[in-house]
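All chains are named by letter (A, B, ...) in the order of the sequence lines, taking the proteins before the strands, and each is independently numbered beginning at 1. Because the structure is predicted, anything quoted here is derived from the model rather than measured.
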2 protein chains.
Amino acid sequence: MAVKSGAFRGSAPIFAALGDGTRLRLVARLCAGGPQSIARLTAGSEITRQAVTKHLLVLADAGLVRGVRKGRESRWALEPEQLEVARRYLDLISEQWTQRLEALERHLESMPETKARAGKRKRSPA
Amino acid sequence: MAVKSGAFRGSAPIFAALGDGTRLRLVARLCAGGPQSIARLTAGSEITRQAVTKHLLVLADAGLVRGVRKGRESRWALEPEQLEVARRYLDLISEQWTQRLEALERHLESMPETKARAGKRKRSPA
DNA sequence: ACCTACAGCAACCTACTGGTTGCATGTTAG
DNA sequence: CTAACATGCAACCAGTAGGTTGCTGTAGGT
């Protein structure tokens, strides 16, 4: 319920931004190496500087990253807030799922005699 | 470092699968409503049954969901393991980022006199 | 002043993605 | 047996995504 009501509205673009190997690598690099210029991020990568730029723009669009022009280079840094949003969303789903399981278990335990349909019980009660 | 070494190898496809609004809605529905048939998942959705099927297949490909044919219908259920993988990945990145920040702070505090470059100090030491 | 490195912009190409329609197949209820 | 239902499979289509090349602009070093 709670999961359906709006919390996820903004989450999909974040996941989509993280859903590309190259971009995920960029995020990891920015996380491990701190704010870096495009040229530095391109070095060691298999792709072109322009491709890196595009990916950074996608990440920025999702709010995962932010870049400021500093002199002749532009430094890009991780912006952890949206990352937290995604994390919270996954937490929410996980939690809701386990709640479902527990509720189901309780339900099954509360009516072993109600209809006494053999084969559906978890613990055969002697 | 740790974030670069392999942990993310399988994460990108998971994020990619979650990176679509329709699919995210499906996940939410499966989470809130439990295992359901395709027809039931299609009801209330704007798209075709076939589209739903395709999305389910994508989710299944990422290991997020699993479906078994039961009679004339096939019941699809959430598979929370891969969800956990994604969650752990985000945890890892977040943690690593805060560690970076703390290390940076310690570093700045440990050398206010080393070179004494004015304007970079956090607390002007009188 | 000049050369070089860093970056932005635009056009273009290929492949994949989300979605559709149409038809075939298996299953359950009468 | 037959009708209605739930799926599966295949072809097809438009739009977008990832990537490239080429050119322009601008900031720094010497």
- Message: If you assign each of K54(B) and R49(B) to its closest nucleotide in DNA chain C, which residue comes earlier from the 5' end?
- Response: K54(B)
- Message: Quick check on DNA chain C: between V58(B) and Q50(B), whose nearest nucleotide comes earlier from the 5' end?
- Response: V58(B)
- Query: Between the side chain of R49(B) and the main-chain N/O of I38(B), is any donor-acceptor distance below 3.5 Å?
  - Reply: no
- Polar side-chain atom of S37(B) near backbone of R40(B) as donor-acceptor pair, under 3.5 Å: yes
- So what does S74(B) hit on the nucleic acid, given a heavy-atom distance under 4.0 Å: a base, only sugar-phosphate, or nothing? sugar-phosphate
- Message: I'd like to know if the side chain of R87(B) and the backbone of L90(A) have a donor-acceptor N/O pair within less than 3.5 Å.
- Response: no
- Note on the structure: Walking DNA chain D from its 5' end, the first of K70(A) and I47(A) to be reached, judged by nearest nucleotide, is I47(A)
- Note on the structure: Note: for T53(B) and T22(A) on DNA chain D, the residue whose nearest nucleotide lies more 5' is T53(B)
- May I ask you to decide if P80(A)'s main-chain N or O and Q82(A)'s side chain share a donor-acceptor pair within less than 3.5 Å? no
- Query: What are the two closest heavy atoms between Y89(B) and A28(A), and how far apart are they?
  - Reply: OH-CB, 4.2 Å
- Query: Base, sugar-phosphate alone, or nothing: which one does R40(B) contact when heavy atoms must sit under 4.0 Å apart?
  - Reply: nothing
- Walking along DNA chain C from 5' to 3', note the first and the last nucleotide with an atom under 4.0 Å from a heavy atom of chain B, and give both. dG18(C) to dT28(C)
- Of all residues at least two apart in sequence or in a different chain, which pass the side-chain hydrogen bond (donor to acceptor under 3.5 Å, both in side chains) check with D61(B)? none
- Note on the structure: Sequence neighbours excluded, the answer for salt bridge (charged side-chain N to carboxylate O under 4.0 Å, His left out) partners of E95(B) is none
- Query: What residues, two or more places apart in sequence or in another chain, satisfy salt bridge (charged side-chain N to carboxylate O under 4.0 Å, His left out) together with E79(B)?
  - Reply: none
- Message: If we ignore hydrogens and angles and just use 3.5 Å, is the side chain of R23(B) paired with the main-chain N or O of L59(B) as donor and acceptor?
- Response: no
- Nearest heavy-atom approach of L78(B) to V27(B) is CD1-CG1, 3.8 Å
- Message: Do L18(A) and L18(B) have side chains that approach each other closer than 4.5 Å (heavy atoms only, starting at C-beta)?
- Response: no
- Query: Hey, what bend do you get for the helix from dA1(C)-dT30(D) to dG30(C)-dC1(D) if you fit axes on five pairs at each end, rounded to 10°?
  - Reply: 30°
- Query: What does A39(A) touch in the nucleic acid at a heavy-atom separation under 4.0 angstrom: a base, only the sugar-phosphate, or nothing?
  - Reply: sugar-phosphate
- Please find the earliest and latest nucleotides of DNA chain D, in the 5' to 3' direction, that have an atom within less than 4.0 Å of any heavy atom of chain B. dC5(D) to dC9(D)
